[in-house]
Structure formats: structure tokens, C-alpha cells
Amino acid sequence: MPELPEVETTRRGIEPHILKLVIKAVVIRQPRLRWPVPDSLKTVLPGQRFTEVGRRGKYLLLRTRTGTLIIHLGMSGSLRLVGDNSQFCKHDHVDIVFAEGLCLRYHDPRRFGCLLWTPDDPNNHSLIASMGPEPFSDDFNGEYLYKTARNRGSSIKAFLMDSRVVAGIGNIYANEALFLSGIDPRRRAGKISRSRLQALCTAIEGVLENSIRQGGTTLRDFVNESGQPGYFQQTLSIYNKEGQPCPRCRLPIRKCRTNQRSTFYCGHCQR
DNA sequence: AGTGCGGCCTGTCCGC
DNA sequence: TGCGGACAGGCCGCAC
């Protein structure tokens, strides 16, 4: 599923190909995504071009002169570039057709994603405005995490997955980063020391960076008719590995549920 | 203000 | 083999 590294890989995969192409049409086959795909896309986008493909958390921000197309891939969404005469498949819900013979195609079996339009600065959009700092920004550091975690009673894992705390950390990378920094995911966020939160911060940046680097090998797939839509094999240490040996101590990895989500951890290495 | 949870969907897997 | 049901997942928006 598209976590932040896949979204960033998607951004890098499509940006160099679509910048400056003129949009010819928008085809909406299935508007019922998480929120309805606005019909106005059909009138507002044609004749324009994307000037920048940005990202905030897991949201892609495709800017034009008059506004921004906000895209979220949900759990199962993908974007790829195909020829404008390419046969569409099941779950190919939206096409942005360019005059130059290319088509940006949104595919999403589970329809948890969204395509929205805002004429304003997307940073002021309600979905984006309340988001915490980007994991790679200077604002995201051990001191910030420590200060924000004070007096928080929730688990550190729920805290990390709260987009108001930090942008774009989902279940998989919360599990991974907590393993890499040796923190028990069930521990109360407010009771963790400054130095351990600094280690967590470093682990988050490291694990995301590694995944993005791996994704780089799949960039060509974004303009490949037959290729997969840009997901890539993630090398995970702990997620979905219940019963398998911990990579550090070899004791079996455990699974539990915290805040309605699957949580994987090593009872020996994570405290 | 902080926290937990329901709901949106479909593909996959399991047991009968 | 077919079928139903549980489950997974991001994350908004509501309720407490």
C-alpha cells in the first residue's frame, strides 16, 4: 500500500513527464472515491498545465496557474502514465489526458483515495493545514517530538500515526521506526526520554529514506504500459512478521493490537 | 484539547 | 467448488 515512500516515488516518477504538457481533457469514470471527484475538474483543468508536482505527507499536490489538484492514493491507489489510447481497466477511475498523447491514470480498487481541487494555497486546505511537520524537515527533530509528547497519555505508536504530530507516518513505518529505535509501541508517548525520542526521529528519517532510495529503481515503471504502477518491494524488519525471528535477538516477533491496528514488536529489544 | 472509534471499500484468505 | 464472513488498511470527522 502506498506509504510516504511510494507517494514520493510516484511524485518523482510522474513529475518530469507531465510538467508543461497541456491538459486536453479529464475523464471521470467513477467519481465515488473517499469524497466525490468534483465534476469541475472537467472544465477547470483543460487548457492548463501542471507547473509543479509537490507532496505533503501522503498527499500529492499538482499545481496549476489557477489552483491545485490534491491527490491521495488511499490504501490501494496508484498513478501511472499511459498512452492516451490505452485501454482502461477495472478500477481505472480517472484520466487526465494531455494533448501530447499521454494520459495520467488514477487506479484505486478500494477507493479510499481522493482527487480534490482547490483554487487556493493548498497549505490552507483543511486536509493539509492541520498537518504536522514533514519527517525530513528541520522542524521535525528530537526536541520537537519531546516537547509535543509532554503530557500525552496515548501510546507512542498512536502518537506517531497522528498526522497533526508528524505528516505521513502510517502503520507500517510506525512499526518499523519503533523497532529500529528500540521503543515498545505500547509505551506512553509522554513518558519517553528526550534522547530516545531523538533516536526515534533518526530512525523515522532513516527508514523512509532507505525506502525512497529503493523506490528509485522503479521510476521507469511510471511510463510503462505493462509495468506495475510503481510500488516496490519494501525491506521491512518487523511489520507483518509475527513468529519470525527478531533480526537483532532472534526471539519470535510478537503481534498485538493497539488503537485498532496491527502492531508488531520484539518483546526483548523494545522497551 | 486529547483520545478513541466508526465508516468508507474491495481483494484475499479461511472455514464450512 | 462455492459461499459467507473476517480482516486489512489510511485517515477524516465525530463523540466523549
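Every chain is numbered from 1, with letters handed out A, B, ... down the list of sequences. These numbers come from the heavy atoms of this one structure, side chains and all, not from hydrogens, waters or symmetry mates.
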>> Within the 4.0 Å limit for protein heavy atoms, which parts of nucleotides 10-16 of chain C are touched? Write it as a string from 5' to 3', B for base, S for sugar-phosphate only, - for none.
In response: BBBS---

> Would a 4.5 Å heavy-atom cut-off, applied to side chains only, mark A:Ile192 and A:Tyr146 as touching?
Replying inline: no

> For residues 149-157 of chain A, which residues have at least one heavy atom under 4.0 Å from DNA chain B?
Replying inline: A:Arg152, A:Gly153, A:Ser154

>> What is the separation between atom CG on A:Asn259 and atom P on B:dG2, rounded to the nearest whole Å?
In response: 16 Å

> Has the side chain of A:Arg49 got a donor or acceptor atom that lies under 3.5 Å from a matching backbone atom of A:Val22?
Replying inline: no

List every contact pair, protein side and nucleotides 11-13 of chain B side both N or O, where the distance is under 3.5 Å.
from, atom 1, to, atom 2, distance (Å)
B:dG11, OP1, A:His91, NE2, 2.7

> Do A:Asp162 side-chain atoms and A:Arg164 backbone N/O form a donor-acceptor pair below 3.5 Å?
Replying inline: yes

> Heavy-atom distance under 4.5 Å between the side chains of A:Leu62 and A:Ile96, does that happen here?
Replying inline: no

>> List the residues meeting salt bridge (charged side-chain N to carboxylate O under 4.0 Å, His left out) with A:Lys157, not counting sequence neighbours, and say none if there are none.
In response: none

>> Any heavy-atom pair between the side chains of A:Pro38 and A:Leu41 that's under 4.5 Å?
In response: yes

>> If I take atom CZ in residue A:Arg32 and atom P in nucleotide B:dC8, what distance separates them, rounded to the nearest angstrom?
In response: 10 Å

> In whole angstrom, what separates A:Gln260's CD from B:dG7's P?
Replying inline: 12 Å

> Does anything in residues 49-78 of chain A pair up under ring pair (Phe, Tyr, Trp, His ring centres under 6.0 Å), and if so which pairs, sequence neighbours excluded?
Replying inline: A:Tyr59-A:His72

> Is the backbone of A:Asn123 close enough, under 3.5 Å, to the side chain of A:Asp121 for a donor and an acceptor to pair up by distance?
Replying inline: yes

> Between A:Thr258 and A:Ser155, does any side-chain donor sit less than 3.5 Å from a side-chain acceptor?
Replying inline: no

> How does DNA chain C look in dot-bracket form if you count Watson-Crick and G-U pairs under 3.5 Å, write [ ] for pairs that cross, and put | where a base pairs with another strand?
Replying inline: .|||||||||||||||

> Just checking, is any N or O donor in the side chain of A:Glu3 or A:Ser211 under 3.5 Å from an acceptor N or O on the other one?
Replying inline: no

>> Just so I know, are the side chains of A:Cys249 and A:Cys266 near enough to count as touching, which here means a heavy-atom distance under 4.5 Å?
In response: yes

> Does the distance from a Lys or Arg side-chain N to an Asp or Glu carboxylate O, for A:Glu143 and A:Lys147, drop under 4.0 Å?
Replying inline: no

> Does the A:Arg150 side chain pair with the main chain of A:Gly190, one donor and one acceptor, at a distance under 3.5 Å?
Replying inline: yes

